[in-house]
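Presented below is the structure to which this report refers.
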Amino acid sequence: IKKKGQAGEIPVCLWCFKIDDEYKGGQNFMKILIVGGGGREHAIAWKLAQSPKVEKLYCAPGNAGIAEVAECVNIGVMEFDKLVEFAKEHEIDMTVVAPDDPLAAGAVDAFEAAGLRAFGPRANAAILEGSKAFSKDLMKKYNIPTAAYETFSDPEKAIAYLETAKMPIVLKADGLALGKGVLICRNLEEAKEGVKTLMLDKQFGSAGDEIVIEEFMTGREVSVLSFVDGKTIKIMTSAQDHKRAKDGDQGLNTGGMGTFSPSPFYTAEVDAFCKEKIYQPTVDAMRAEGREFKGIIFFGLMLTEDGPKVLEYNARFGDPETQVVLPRMKNDLVDLFDACIDGTLDQVDLEFEDNAAVCVVLASDGYPEHYEKGFPITGLERFQSSDGYYVFHAGSKFDSEGRVVTNGGRVLGVTATGATLKEARANAYQATEWVQFDNKYMRHDIGKAIDEA
Ligand code: AMP
Ligand code: GLY
């Protein structure tokens with residue numbers, strides 16, 4: 001039976017007032033749970049909140065910024081039983097699992113086993129990021145361009161190999177290591193030290209039981225995010241991250257200190273090459289291996305003299321790439337998540353604004369090593385996404401007095417759009433001045449590469 005709803009013509013049952021299950025185009029009928037609590041999840045939550053289909057957003061555990069658009073729930077990202085129980089109790093229509101650890105550990109499998117709808121790869125597909133040895137072997141088997149490599153589980157054999165290898169060389173822990181398990185070694189001495197760090201001292205725990213030793217590549221790095229439904233892949237716009245803590249790419253590796261999108265180095269020619277040799281072949285390879293991939297594949301690419309090559313795969317949205325990609329996306333994110341789950345991505349036209357975005361991370365001084373937290377943050381109210389200014393919270397919380405305070409190494413991702421990359425960068429850096437907190441630290445050269453394009 002159809003009844004005219006106030007927010008448009010929504011078919012509802014006149015007896016129980018439930019929305020007709022077959023009705024997909026209506027207003028405000030979905031409850032979505034986001035798993036995670038950083039800047040990436042804030043960007044996802046902000047984008048989902050724009051959707052007319054969303055009635056209510058929850059985020060576990062969330063943060064003080066996410067709390068503006070979602071109800072934060074105090075459950076950790078690895079507490080699958082509690083998350084599933086929450087989703088059942090609150091009649092969640094879709095759960096979006098954003099971070100790498102729960103994906104690799106089978107969060108999506110846990111939801112599916114309970115008969116619930118979840119967005120993200122199952123554990124058998126999340127291995128694309130979870131094991132570097134797996135991803136390198138996959139690329140070799142299916143002729144996907146990447147750096148030459150060998151894998152080792154015996155430190156002595158690794159050292160024997162290094163003694164004859166060309167330097168510099170790259171050592172990678174096989175497993176997940178918060179993006180820090182990659183060592184670039186300039187000479188044999190550093191490489192031997194690296195084997196010790198990863199395999200003997202176990203700085204990254206069991207992630208270093210096996211290592212990949214890989215040829216060092218040079219060139220521009222580009223990040224490309226994509227939606228995948230198991231067979232079809234749709235590429236989002238390109239972006240570039242700045243991983244080192246200090247200006248001029250000095251200092252330690254971090255989770256990412258800032259991003260810009262699009263990358264001026266990601267030309268139509270590069271795009272065509274990657275579509276033919278990298279993107280679709282990766283999706284097809286996963287299917288052929290019986291590991292159908294549904295979710296986000298993030299391609300870390302190096303544009304070498306011999307053409308684009310894969311540096312790494314991630315099985316999720318990048319952080320802080322998401323903060324510059326989603327503000328430029330025209331589509332309703334709910335439609336994309338639905339299409340990936342249902343295998344109907346081929347019917348979606350993915351569109352981006354013809355503009356640019358820059359994200360500058362405001363961190364706590366001392367990150368990624370030692371830093372203090374708990375300082376009040378001021379100036380957040382000046383950001384209006386309708387004006388193209390966004391402040392995505394990475395590490396914030398409410399203190400006992402209800403003030404927003406710093407709660408992590410990366411605190412905020414100040415993002416601005418503009419007609420051009422230069423304009424977006426000027427806007428983003430201007431907006432970094434609006435926010436204040438003690439020990440505020442940022443890089444001043446995010447997007448400097450734009451000037452070389
Ligand atoms: P990954 O976590 O694999 O992306 O590695 C982290 C960073 O290390 C990359 O963003 C690159 O800057 C660098 N890197 C990784 N592999 C290589 C390689 N084979 N050659 C040169 N740089 C690399
Ligand atoms: N920004 C890199 C990553 O998310 O791994």
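Atoms within each ligand, like the ligands themselves, are counted from 1 in listed order. Nothing here was measured: the structure is a model prediction, and the numbers come from that model.
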| Has ligand 1 got any nitrogen or oxygen that is less than 3.5 angstrom from a nitrogen or oxygen of V170? | no
| Heavy-atom nearest option to atom 21 (C) of ligand 1, drawn from M217, E312, K132, E214 | M217
| query | Got a second to check how far F298's CZ is from N314's CG, nearest 0.5 Å? | reply | 5.0 Å
| Have S223 and E321 got a donor and an acceptor in their side chains that come within less than 3.5 Å? | yes
| field | Salt-bridge present (K141, E289; N to O < 4.0 Å) | value | yes
| request: Determine whether the side chain, the backbone, both or neither of I184 has a heavy atom under 4.0 Å from any heavy atom of ligand 1. | output: side chain
| Does Y58 have any ring pair (Phe, Tyr, Trp, His ring centres under 6.0 Å) partners at least two apart in sequence or in another chain, and if so, which? | F86, H90
| field | Protein residues that have a heavy atom under 4.0 Å from any atom of ligand 2, sorted by chain and number | value | D241, G255, N314, R316, G318, D319, P320, E321
| remark: The protein heavy atom nearest to atom 17 (C) of ligand 1 is L311 CD2, 3.3 Å
| Looking at atom 16 (N) of ligand 1, what's its closest protein heavy atom, distance included? | K172 NZ, 3.1 Å
| task | Measure E221 to ligand 1 on non-hydrogen atoms and call it side chain, backbone, both or neither using the 4.0 Å cut-off. | result | side chain
| field | Nearest-neighbour protein heavy atom for atom 8 (O) of ligand 1, which is reported as residue plus atom name and distance | value | V182 CG1, 3.6 Å
| said: Within the 4.0 Å heavy-atom shell around F216, which atoms of ligand 1 are there? | reply: 20 (N), 21 (C)
| task | Classify the ring geometry between Y389 and F383 as parallel (under 30°), tilted (30 to 60°) or perpendicular (over 60°). | result | perpendicular
| request: Take E353 and K330 through the test side-chain contact (heavy atoms from CB on, under 4.5 Å) and record every step on the way to the result. | output: CA-CA 6 Å; E353 304 283 351; K330 289 188 187 174; 3.7 Å; yes
| Stepwise, does the side-chain contact (heavy atoms from CB on, under 4.5 Å) test hold for V270 with V222? | CA-CA 10 Å; V270 171; V222 183; over 6 Å; no
| message | Under 3.5 Å, is there a donor on one side chain and an acceptor on the other for D332 and S51? | response | yes
| field | Stacked cation flag R40 on F317, 6.0 angstrom / 45 deg | value | no
| Quick one: CD on Q280 to CD1 on I235, what's the gap to the nearest 0.5 Å? | 9.0 Å
